[in-house]
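All remarks here apply to the structure that follows.
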Amino acid sequence: MDRVIYLAMTGAKQVTLQHAATAHNLANVSTHGYKAQSNVFRALPVVGEGEKTRAFVADTSPSTDFSAGGIQQTGRTMDIAVRGPGWIAVQGPDGQEAYTRAGQLELSPDGVLQTASGLNVLGDGGPITVPADQEIAIGKDGTISTFIPGQAAVAEAGRIKLVNPPAADLLRGEDGLFRLRGGGVAPADANVGLATGALEMSNVNPSKALVNMIELSRQFELQMRVLRTAEDNDRSATKLLSLSA
């Protein structure tokens with residue numbers, strides 16, 4: 001059997017992975033704060049006798065497009081969007097600190113500030129709790145002010161922890177949240193600012209993603225043609241050998 005099938009097989013496998021990542025991006029084109037995912041291909045020349053005319057497609061490394069999405073004004077008091085680089089610290093499902101750009105916030109029945117997916121938003125001292133029957137206002141630095149409608153008294157319930165670790169230090173988890181590659185937590189960064197009454201849109205370009213899907217389908221079909229050609233060659237060679245026997 002021609003060894004070209006192994007080359008075509010690795011190519012088809014990596015194209016399939018990229019296809020899945022692109023489909024996942026398209027599924028999240030309307031997800032606030034979502035960052036597009038991609039896979040990086042790497043050619044690995046086959047070492048051996050003869051000319052180096054063939055190359056495997058090496059395992060890919062999932063990567064993230066950290067570019068900012070557009071800002072959508074909502075006018076909703078509890079909607080926030082990170083301006084420029086930076087992240088909102090939340091408590092992940094595993095109880096550890098994680099980071100997101102999804103700023104559609106809510107108050108739980110117990111008055112705990114949470115994301116729309118039910119994750120506790122972290123402040124300097126942990127989750128932020130708002131007293132019952134009080135309204136909140138979120139400052140551009142993440143400060144949570146509480147007040148009773150109709151009264152002038154204003155209190156501070158905490159400050160949302162905003163961080164800005166290097167992009168190279170961040171790793172996306174299966175839950176869609178980002179964490180530090182080496183574990184631990186990022187320090188708060190006072191230079192990270194918020195836009196209030198607004199949400200960050202997904203940074204996925206749907207038109208570009210659709211074109212990418214078509215290109216990947218063509219690449220996959222090319223790998224399949226190579227496999228079929230190798231099969232035809234093998235069948236022809238077997239027939240010739242049987243005639244000469």
Side-chain angles (χ1 to χ4, degrees), residues 28 31-35 66 68-69 71-167 169-202:
N28 286 280
T31 302
H32 294 119
Y34 178 79
K35 299 301 175 190
F66 287 104
I71 300 296
Q72 177 189 34
Q73 297 296 327
T74 65
R76 183 172 174 270
T77 305
M78 297 184 66
D79 285 346
I80 58 174
V82 177
R83 287 192 179 278
W87 300 86
I88 301 167
V90 297
Q91 188 173 36
D94 57 356
Q96 303 300 311
E97 183 171 308
Y99 308 109
T100 182
R101 301 265 297 190
Q104 192 174 19
L105 307 185
E106 307 279 355
L107 283 177
S108 73
D110 298 330
V112 179
L113 190 64
Q114 297 182 329
T115 65
S117 57
L119 300 174
N120 292 337
V121 177
L122 297 179
D124 296 333
I128 299 171
T129 302
V130 175
D133 302 326
Q134 295 201 14
E135 300 290 333
I136 73 169
I138 304 176
K140 294 181 179 179
D141 62 350
T143 300
I144 306 295
S145 300
T146 63
F147 59 94
I148 298 176
Q151 297 186 15
V154 177
E156 185 174 312
R159 181 177 178 180
I160 298 173
K161 183 179 180 182
L162 302 172
V163 302
N164 187 24
D169 292 347
L170 292 172
L171 181 67
R172 188 200 308 260
E174 294 294 331
D175 53 11
L177 299 171
F178 289 84
R179 296 174 176 81
L180 295 182
R181 290 182 183 276
V185 298
D189 189 337
N191 294 318
V192 179
L194 298 175
T196 57
L199 292 172
E200 180 184 3
M201 304 298 292
S202 167

Heavy-atom distance under 4.5 Å between the side chains of [X] and [Y], does that happen here?
| X | Y | result |
| --- | --- | --- |
| Asp175 | Asp94 | no |
| Asn120 | Ser108 | no |
| Met201 | His32 | yes |
| Leu113 | Ile160 | yes |
| Leu199 | Arg76 | no |
| Lys35 | Leu170 | no |

| query | Step by step, would you call Thr100 with Leu119 a side-chain contact (heavy atoms from CB on, under 4.5 Å)? | reply | CA-CA 10 Å; Thr100 182; Leu119 300 174; over 6 Å; no
So, taking the atom named [atom1] in [X] and the one named [atom2] in [Y], what distance separates them when rounded to the nearest 0.5 Å?
| X | Y | atom1 | atom2 | answer |
| --- | --- | --- | --- | --- |
| Ser117 | Glu106 | OG | CD | 10.0 Å |
| Glu97 | Leu177 | CD | CG | 11.5 Å |
| Leu107 | Glu135 | CG | CD | 9.0 Å |
| Asp79 | Leu194 | CG | CG | 12.0 Å |

| So which of Gln104, Gln72, Arg101 actually passes side-chain hydrogen bond (donor to acceptor under 3.5 Å, both in side chains) with Glu200? |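 In the set Gln104, Gln72, Arg101, the residue that makes a side-chain hydrogen bond (donor to acceptor under 3.5 Å, both in side chains) with Glu200 is Arg101.
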| Do any N or O atoms from the side chain of Ser202 and from the backbone of Asn28 form a donor-acceptor pair under 3.5 angstrom? | yes
| task | Look only at the side chain of Tyr99 and the backbone of Ala186, and say whether a donor-acceptor pair between them is shorter than 3.5 Å. | result |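 Yes; at least one donor-acceptor contact below 3.5 Å.
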Work out which heavy atom in [X] is nearest to a heavy atom in [Y]; give both atom names and the distance.
| X | Y | value |
| --- | --- | --- |
| Asp110 | Thr129 | O-CG2, 4.1 Å |
| Ala102 | Thr115 | O-CG2, 4.4 Å |
| Leu162 | Asp141 | CD1-O, 3.9 Å |
| Leu122 | Val90 | CD1-O, 3.5 Å |
| Thr196 | Ile138 | CG2-O, 3.1 Å |
| Ile148 | Asp133 | CG1-O, 4.5 Å |

| Checking side-chain contact (heavy atoms from CB on, under 4.5 Å) for the pair Val192/Val163: CA distance, chi angles, key distance, verdict? | CA-CA 7 Å; Val192 179; Val163 302; over 6 Å; no
| Quick check: are there more than 12 heavy atoms from other residues, nucleotides or ligands sitting under 6.0 Å from CZ of Arg83? |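 Result for CZ/Arg83: open.
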| task | Fit a plane to each ring of Trp87 and Phe66, take the angle between them on a 0 to 90° scale, and name the class: parallel (under 30°), tilted (30 to 60°) or perpendicular (over 60°). | result |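 Perpendicular, since the angle between the ring planes exceeds 60°.
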| request: Verify side-chain contact (heavy atoms from CB on, under 4.5 Å) between Arg179 and Leu171, making sure each step is shown before the conclusion. | output: CA-CA 5 Å; Arg179 296 174 176 81; Leu171 181 67; 5.8 Å; no
